[in-house]
Structures are given as C-alpha cells and as structure tokens.
Colleague: 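Dumping the structure here so I can ask a few things about it.
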Amino acid sequence: MEFIDLKSQYQASRDLINGRIQAVLDHGQYIMGPEVAELEARLAEYTGARHCITVASGTEALLIALMALGLKPGDEVITTPFTFIATAEVIVLLGAKPVFVDVDPATCNIAPELIEAMVTPRTRAIMPVSLYGQPADMDEINAIAERHGLAVIEDGAQSFGATYRGKKSGNLSTIGCTSFFPSKPLGCYGDGGALFTSDDELARAMREIRVHGQSRRYVHTRVGVGGRMDTLQCAIVLAKLGLFDWELQQRQRAAATYDALLGGKVRLVGRRADRSSVYAQYTVVLEQRDEVQKALQAAGVPTAVHYPVPIHMQPAYAQLSGGDSCPVSRTLADRVMSLPMGPYLADADIRKVCQALLDAIDTAAAASLDPISVQV
Ligand SMILES: Cc1ncc(COP(=O)(O)O)c(C=O)c1O
C-alpha cells in the first residue's frame, strides 16, 4: 500500500497525459506555451475567480502574492504556525515578520477569534491556511481584514477543489494560492502552482512579477522573480482536470469509509458543515502517536505527520515569535498522524489501515497501563 498512489492515477489518465505531453514536444514552446493560458482560463473558470496566474510552485505563488501587495521589511503578516514551512518562509524572505496565531483545536485551522488582538499598525495581511484540504474560516477572517484594511491571502496549497459556503477555495479572499506538487489533490509531475484573484490590478502585478517584473520585453517595471510554470507541467494538469471532480468524489468516498470505521473510536480532525474538504490528508489525533505510528509501520501501513514541529518552534523561526505562543499547535504537532489517502485507495485497504490503527491504539494503551513497562 502506498501513502499516496500516483501510479494508479497516472494509469487512469495515461493516454490523455501522454497525448498532452506529446503535443508540447511537437510544438516545442516549453516556456509560456499555449497550454499555460489554456490552463489559466480553465482554472479561473473552475474557481470563479476572474484571474488565474500559474507559477513555478505553491511557494512561489505565496511569495508573488506578498510582493504584489507591496509587502516591505518591518511589515507584519498574521498566519498560523501549524502549516508547511513555506507559508511563513516567504514572509521572512521579504524582510517582514510572521505573527503566529494559534489554531482551532478541532479543525487545526487558524482560530479567527484570536486574530484581531494581534493586529498592529504594521499588519498588512492575514494568511490563513486551508489545512488538510478544508477551507479556513474565511468569512470571519475577511471581516477582520475589512475592519482593519488588510489583504487576505488564502494558502490553499492543500485545498484546491474544496468549497466554502458555495464558493471554491482560491476564490475566497483578496488572493488565493495553490500548489500542484505531485501529491496534492490536483498535482503535476514536478513543481507548479497558481494564484487566483478577481482584482485586475493585483493580477497585472502578479503576472509581471512572475516574469522578472517585466511589463514589456526587457522593460522591468517592478522587481520580480523567475516564477513561471513550465508548459509541460501545465499540459499535465490540463490532462488531469478531466477526472478531477470524479477524483474528489473518490476522496470523499475514502474519507466517508474512514469516518465510518474510526468515528467514535479515534479523534478525527473536525469538519464544518458549510464547507467541503478535498482531503489532501486524512488526519487523526492520537495521544500516543509515536508508538502507534511505529506499530503501523511494522504492519506495513504507511503514515505521515503533518507537521511534527510548528513553525514558531522551528530553529530558524523561534526568535521571531517570542517563545511558545501557540500551545494548541504544539500539542497537535505531537499528536496528529495522516493515513493513506487518495482517489484510488480501495475500501479493502482502508479497512486494513483502520484495523491496524485500532489494534495499535489498543496495544499502546495497554502498554501505558502495564506496570512492568513503567520506568521508575
Ligand atoms: C500549506 C502549504 N503551503 C505551501 C506549500 C508549498 O507548495 P510547493 O511545494 O508547491 O512549493 C505547501 C506544499 O507542500 C503546503 O502544503
């Protein structure tokens, strides 16, 4: 069993993917070829945002979003520490300060009720992450941003395709960012990402920043980056788009099977009724995570931890946050564990995972009660 089965996914769309790749090899426009604009049009339509700008990765999308907003050294961006490092990394790269706000213990997404107290005159933006594929509390976050004149950038690297109160992730705030890293719900076969906005000015800025700040050939109107997504990677995403909605249904099916087998027995990441998750990860919360994970490994069940150390406790970032400011994130980092997930995961495999998990939890609980195993 694989943690994420990309081979079956390729087999399901093999002819389409091979055909799209061959078409790029035939026309030879490897940079900014016709597939780039085609994909941008398709994804803008899919999310409902007026503009989609493809970029070299999800990280690059976050960086370009902040550059387009004019983030400067000394500015502050409010974000969550319970995320992949890239979310905070891009803030620091621009000389700005990430201000970490703790997460909701149920959903693992930034807790909106804690945000407003952290707004200062230097705050420029709020960057929530739609973790594990479930959108953050965007309406509450947008309302705070509006009160204080801030931009909201949704880090939707894990949530492309998810819905929130009838709208699609990526189209829920000033700018939405996503990643096409191969293991993401909509992945390419290398690095890739996209920005979404309905603001024409921001879209223009982001398009220019993506190509070295160039407004016309060799006219550099602003400082930019080399941030384009390859034509080949755009072609691969286009080929995979055909099955994407079906794949999302299969992810929901896999999650529902997990829910039925684990619900009431294992703590699951909380879900809200007004939004859908695309289950980039199916994550459980365990008291004895490390023991359980080892037992699952021995049973041949692959698992992963997203994420074992919250960013405010990472060596390179700890001095920015002034100590352990986010205790919920720290506790979750010790307890979360993600199970195999994907559209091609068979129900029989899910049953095997759940049985192994429940057995491992029983064994770990018995060991912790066993007086012989208690060290004195
Ligand atoms: C929440 C989050 N933000 C940002 C990124 C960065 O995306 P990429 O790997 O495409 O640069 C990822 C990807 O792992 C992510 O999960």
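Counting convention: from 1, in listed order, for ligands and their atoms alike. None of the values given here were measured: they were computed from a predicted structure. Just so you know, residue 1 is the first one in the sequence shown, and it goes up from there.
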Colleague: Measuring from non-hydrogen atoms of Lys184 to any atom of ligand 1, is the shortest distance under 4.0 Å?
Modeller: yes
Colleague: Can you list the atoms of ligand 1 that are under 4.0 Å from a heavy atom of Thr83?
Modeller: 1 (C)
Colleague: If the cut-off is 4.0 Å to any non-hydrogen atom of Tyr307, which atoms of ligand 1 fall inside it?
Modeller: 16 (O)
Colleague: Can you tell me if Phe82 contacts ligand 1 (heavy atom of the residue under 4.0 Å from the ligand)?
Modeller: no
Colleague: List the closest protein heavy-atom neighbour of atom 15 (C) of ligand 1: residue, atom name, distance to the nearest 0.1 Å.
Modeller: Ala157 CB, 3.4 Å
Colleague: Identify the protein heavy atom lying closest to atom 9 (O) of ligand 1, giving its residue, its atom name and the separation to 0.1 Å.
Modeller: Phe181 CD1, 3.8 Å
Colleague: With a distance cut-off below 6.0 Å to the six-membered ring centre and an angular limit of 45° from the axis, does Lys184 pair with Phe160 as a cation-pi contact?
Modeller: no
Colleague: How far is atom 5 (C) of ligand 1 from the closest protein heavy atom, and which atom is that?
Modeller: Phe84 CD2, 3.6 Å
Colleague: Quick test: of every protein heavy atom, which one is nearest to atom 16 (O) of ligand 1, and how far off is it to 0.1 Å?
Modeller: Gln158 NE2, 2.9 Å
Colleague: Would you check whether Asp155 has a nitrogen or oxygen atom less than 3.5 angstrom from a nitrogen or oxygen atom of ligand 1?
Modeller: yes
Colleague: Any N/O of Gly58 closer than 3.5 Å to an N/O of ligand 1?
Modeller: yes
Colleague: Closest approach of Tyr189 and Gln233, non-hydrogen atoms and distance?
Modeller: N-OE1, 2.9 Å
Colleague: Under a 4.0 angstrom heavy-atom cut-off, which atoms of ligand 1 come close to Ser179?
Modeller: 7 (O), 8 (P), 10 (O)
Colleague: Do the side chains of Arg330 and Asp102 get close enough for a salt bridge, i.e. N-O under 4.0 angstrom?
Modeller: no
Colleague: Relative to the heavy atoms of Val129, which atoms of ligand 1 are at a distance of less than 4.0 Å?
Modeller: 1 (C)
Colleague: Would you call Lys97-Asp75 a salt bridge at under 4.0 Å N-O?
Modeller: no
Colleague: Looking at atom 6 (C) of ligand 1, what's its closest protein heavy atom, distance included?
Modeller: Thr59 OG1, 3.4 Å
Colleague: Under the salt bridge (Lys or Arg N to Asp or Glu O under 4.0 Å) criterion, do Arg204 and Glu201 qualify, and how do the steps go?
Modeller: CA-CA 5 Å; Arg204 194 160 64 93; Glu201 269 309 298; 3.3 Å; yes
Colleague: Are any non-hydrogen side-chain atoms of Phe181 and Asp191 less than 4.5 angstrom apart?
Modeller: yes
Colleague: Considering both backbone and side-chain atoms of Asp191, is one of its nitrogen or oxygen atoms within less than 3.5 Å of a nitrogen or oxygen in ligand 1?
Modeller: no
Colleague: Is it the case that the ring center of Tyr317 lies less than 6.0 angstrom away from the ring center of Phe100?
Modeller: no
Colleague: Using 30° and 60° as the class limits, which term best fits the ring planes of Tyr344 and Trp246: parallel, tilted or perpendicular?
Modeller: tilted
Colleague: Should Glu60 be counted as touching ligand 1, given the test is an N or O pair under 3.5 Å?
Modeller: no
Colleague: Counting N and O atoms only, with roles assigned by atom type, does the side chain of Thr47 sit under 3.5 Å from a partner on the main chain of Ala44, one being a donor and the other an acceptor?
Modeller: yes
Colleague: Applying a 4.0 Å heavy-atom criterion (strictly less than), which segment of Thr87 is in contact with ligand 1: side chain, backbone, both, or neither?
Modeller: side chain
Colleague: Below 4.0 angstrom, N of the basic side chain to O of the carboxylate: do Arg335 and Glu287 qualify?
Modeller: yes
